Undergrad: 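Handing you a structure now.
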Amino acid sequence: MESVTPLFLGGANPRGAPELRPPSFRGAMRYWLRAALGGVCGDDEAGLSVAREAEARVFGSTDEQCGGASSITLRVKGDLSEPEKYQRAPAVRVEKNGETLRQPTGRDYLYWSMPGFGGEPNRKYYPAGYKFSLNLSVRPGVIDGRAVFQQAIGALWLLVQLGGIGSRSRRTAGSLSVVEPLAVEGLSFALHSSDSSGIVQELKEGLNNVRRLFQEHISPRRLAQPAEFDVLHSGVCKVWVLGIWPSSQQAVEAIGAAMRDFRTYREPDHSQVAKWLSGTPIPTVERAVFGLPLPFRYSNNGPKGVVQGRTKPKEQAIDRRASPLWLKISKTQTGAFVGIATLFKSRFLPEGEKLHEQNEKGPPLPLPSSYALIEQFIKEGFSAQEVTFD
């Protein structure tokens, strides 16, 4: 395999030397395994029970009822090249609402937290083109070994095609691709097409094959809407091919610039949040749907604040909600670089929760009513083609 975008992999010291280790893949694969399982067994209590048991069979669990060691082994091997230190690029000038603004580059917008803050050092990373091998196998004597292997391979395929590993993996960092063509259990890990329509068809076939692998061993159940967690099901998940670029750097820059330009100074949030930070109720903060926390800082000594979930009691605060939107870059066998977006329409926060300002500067607000703003971003920012699947 090879890295397509920077790998920000924290070890014991997150801002020290990056470490490419099996736990990086286990954690990511667990997420995609759960998404695939939920798309088949459903997300109600009965479905969650089935998903937990299946997840424990593959990756192990400390739960007394379904505990045990992982049924699979993962081995990662690569030459430890010298990591690079992330450096912020000079700001660029962007026209917005009739004004010329100094803004971060598209790359720096996506990787905003990688430079050091408050005296911390900049994050180190392995650059694009870092090659390594990943070996996945089932432990000898595992019951239902074929089902375990198929589900693990399905999770790995989803990770490679839709996700990534390490910090900022939902914002294109940590994207991976196979170096040479590889097909396992009917899943092609390489993309071969040179145009978006061909990539759409390849991803459609792969997604349908992943779902069929899971349906061989689990009976399909109904799915709630919104789903209680991120679920790979066409009713609550959308996938798009955003476009094709000649290099990964150009792809990252274009996608980051599109997101920056769509979100920066966006109305009605820009005007309304300033009022909210002064104590005035407003309908909601639409941009919150991209994920929390969401900081606002106004120029000319204007107000500043951070949008999050519940703040009290402190031990039950909801200060983070991972973005429902995954952005990743794939390298095709033709040497082109493809931007892919995946939107999970799961419940944004637990039922009954509201948006809060970190220091309660404004009253609690209703959550955004839907994920329409993210779909609008995809539509306006790209000539995207949707990947429909069963």
Side-chain angles (χ1 to χ4, degrees), residues 1 7 9 11 19-78 132-166 169 174 176-178 182-190 206-221 223 227-233 237 326 344:
M1 304 188 78
L7 290 176
L9 300 168
E19 299 179 11
L20 183 63
R21 302 181 300 135
S24 300
F25 286 90
R26 284 184 180 276
M29 287 173 63
R30 271 186 182 270
Y31 169 86
W32 290 104
L33 176 70
R34 195 175 302 125
L37 287 167
V40 177
C41 65
D43 62 342
D44 59 9
E45 283 302 317
L48 281 171
S49 178
V50 172
R52 290 192 191 101
E53 291 177 7
E55 183 180 335
R57 281 197 298 272
V58 177
F59 289 111
S61 171
T62 57
D63 187 278
E64 293 182 359
Q65 295 183 343
C66 55
S70 172
S71 296
I72 66 166
T73 59
L74 287 171
R75 294 185 177 88
V76 182
K77 183 178 181 181
F132 62 94
S133 64
L134 175 68
N135 180 281
L136 185 156
S137 59
V138 177
R139 296 183 186 276
V142 167
I143 299 174
D144 294 331
R146 184 168 183 270
V148 166
F149 182 74
Q150 288 180 326
Q151 291 172 358
I153 283 294
L156 180 60
W157 186 91
L158 292 171
L159 164 61
V160 170
Q161 302 296 3
L162 304 183
I165 59 174
S169 56
L176 306 171
S177 287
V178 294
L182 172 70
V184 185
E185 293 290 342
L187 295 173
S188 173
F189 279 78
L207 288 167
N208 287 338
N209 285 338
V210 167
R211 286 179 52 77
R212 277 194 284 271
L213 285 180
F214 282 79
Q215 288 170 353
E216 283 186 26
H217 310 283
I218 299 173
S219 299
R221 295 172 54 88
L223 185 69
E228 294 298 324
F229 58 95
D230 292 350
V231 167
L232 187 72
H233 186 286
C237 174
W326 285 81
F344 287 106

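Numbers here simply count residues along the sequence, with the first being 1. Given the structure is predicted, the values throughout are model-derived calculations rather than measurements.
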Undergrad: Does the ring center of Phe25 lie less than 6.0 Å from the ring center of Trp32?
TA: no
Undergrad: Between Lys77 and Ser133, is any pair of side-chain heavy atoms under 4.5 Å apart?
TA: yes
Undergrad: Output the distance between atom CG (Leu9) and atom CG (Leu20), rounded to the nearest 0.5 Å.
TA: 6.0 Å
Undergrad: Strictly distance-based, threshold 3.5 Å: is any side-chain N or O of Glu55 a donor or acceptor partner for the main-chain N or O of Arg30?
TA: no
Undergrad: Does the side chain of Val142 reach to within under 4.5 Å of the side chain of Arg139, using non-hydrogen atoms?
TA: yes
Undergrad: Report yes or no: do Ser70 and Arg26 form a side-chain donor-acceptor pair below 3.5 Å?
TA: yes
Undergrad: Taking all heavy atoms of Ser177 and all of Val160, pick out the closest pair and write down the distance.
TA: CA-CG1, 4.3 Å
Undergrad: Quick one: are Leu176 and Phe189 in side-chain contact, heavy atoms under 4.5 Å?
TA: no
Undergrad: Test side-chain contact (heavy atoms from CB on, under 4.5 Å) on Leu182 and Met1; report intermediate values, then the result.
TA: CA-CA 10 Å; Leu182 172 70; Met1 304 188 78; over 6 Å; no
Undergrad: Phe149 vs Ser71, test: side-chain contact (heavy atoms from CB on, under 4.5 Å). Steps then yes/no.
TA: CA-CA 9 Å; Phe149 182 74; Ser71 296; over 6 Å; no
Undergrad: Does any donor atom in the side chain of Arg212 or Asn209 lie under 3.5 Å from an acceptor atom in the other side chain?
TA: yes
Undergrad: To the nearest 0.5 angstrom, please state how far the CG atom of Leu159 sits from the CG atom of Leu33.
TA: 11.5 Å
Undergrad: For residues 141-161, pull every pair meeting salt bridge (charged side-chain N to carboxylate O under 4.0 Å, His left out), keeping only residues two or more places apart or in separate chains.
TA: Arg146-Glu185, Arg146-Glu216
Undergrad: Looking at every non-hydrogen atom in both residues, tell me the closest pair between Gly145 and Val138 and how far apart they are.
TA: O-CG2, 3.8 Å
Undergrad: According to ring pair (Phe, Tyr, Trp, His ring centres under 6.0 Å), does anything in residues 34-59 pair up with another residue at least two apart or in another chain? List the pairs.
TA: none
Undergrad: Please check: side-chain N/O of Arg34 versus main-chain N/O of Ala51, any donor-acceptor pairing under 3.5 Å?
TA: no
Undergrad: Would you call Leu48 and Phe229 a side-chain contact if the rule is heavy atoms closer than 4.5 Å?
TA: yes
Undergrad: Is there a donor-acceptor pair under 3.5 Å between the side chain of Asp43 and the backbone N or O of Leu223?
TA: no
Undergrad: To check you understand the geometry: which heavy-atom pair defines the closest contact between Leu7 and Gly174, and what is its length?
TA: CD2-CA, 3.5 Å
Undergrad: For the atom pair CG (Leu207) and CG (Leu158), what is the distance rounded to the nearest 0.5 Å?
TA: 6.5 Å
Undergrad: Apply salt bridge (charged side-chain N to carboxylate O under 4.0 Å, His left out) to residues Arg221 and Asp44 and explain how you reach the verdict.
TA: CA-CA 9 Å; Arg221 295 172 54 88; Asp44 59 9; 2.8 Å; yes
Undergrad: Can you tell me how far apart CG (Leu134) and CE (Met29) are? Round to the nearest 0.5 Å.
TA: 7.5 Å
Undergrad: Could you check whether any side-chain heavy atom of Leu232 comes within less than 4.5 Å of a side-chain heavy atom of Leu37, counting everything from C-beta outward?
TA: no
Undergrad: Give the minimum heavy-atom separation between Ser24 and Ile165, together with the two atoms involved.
TA: O-CG2, 3.9 Å
Undergrad: Heavy-atom distance under 4.5 Å between the side chains of Arg211 and His233, does that happen here?
TA: yes
Undergrad: Which heavy atom of Val231 sits nearest to which heavy atom of Cys237, and what is that distance?
TA: O-CB, 3.5 Å
Undergrad: Quick one, Trp326 and Leu162 - any side-chain contact, counting heavy atoms below 4.5 Å?
TA: no
Undergrad: Assess whether side-chain contact (heavy atoms from CB on, under 4.5 Å) is satisfied between Leu213 and Trp157, documenting all intermediate values.
TA: CA-CA 12 Å; Leu213 285 180; Trp157 186 91; over 6 Å; no
Undergrad: How long is the straight-line distance from CD of Gln215 back to SG of Cys41, given to the nearest 0.5 Å?
TA: 11.0 Å
Undergrad: Ser137: what forms a side-chain contact (heavy atoms from CB on, under 4.5 Å) with it, not counting sequence neighbours?
TA: Thr73, Arg75, Asn135
Undergrad: Is Val210 close to Gln150 at the side-chain level, that is, under 4.5 Å between some pair of heavy atoms?
TA: no
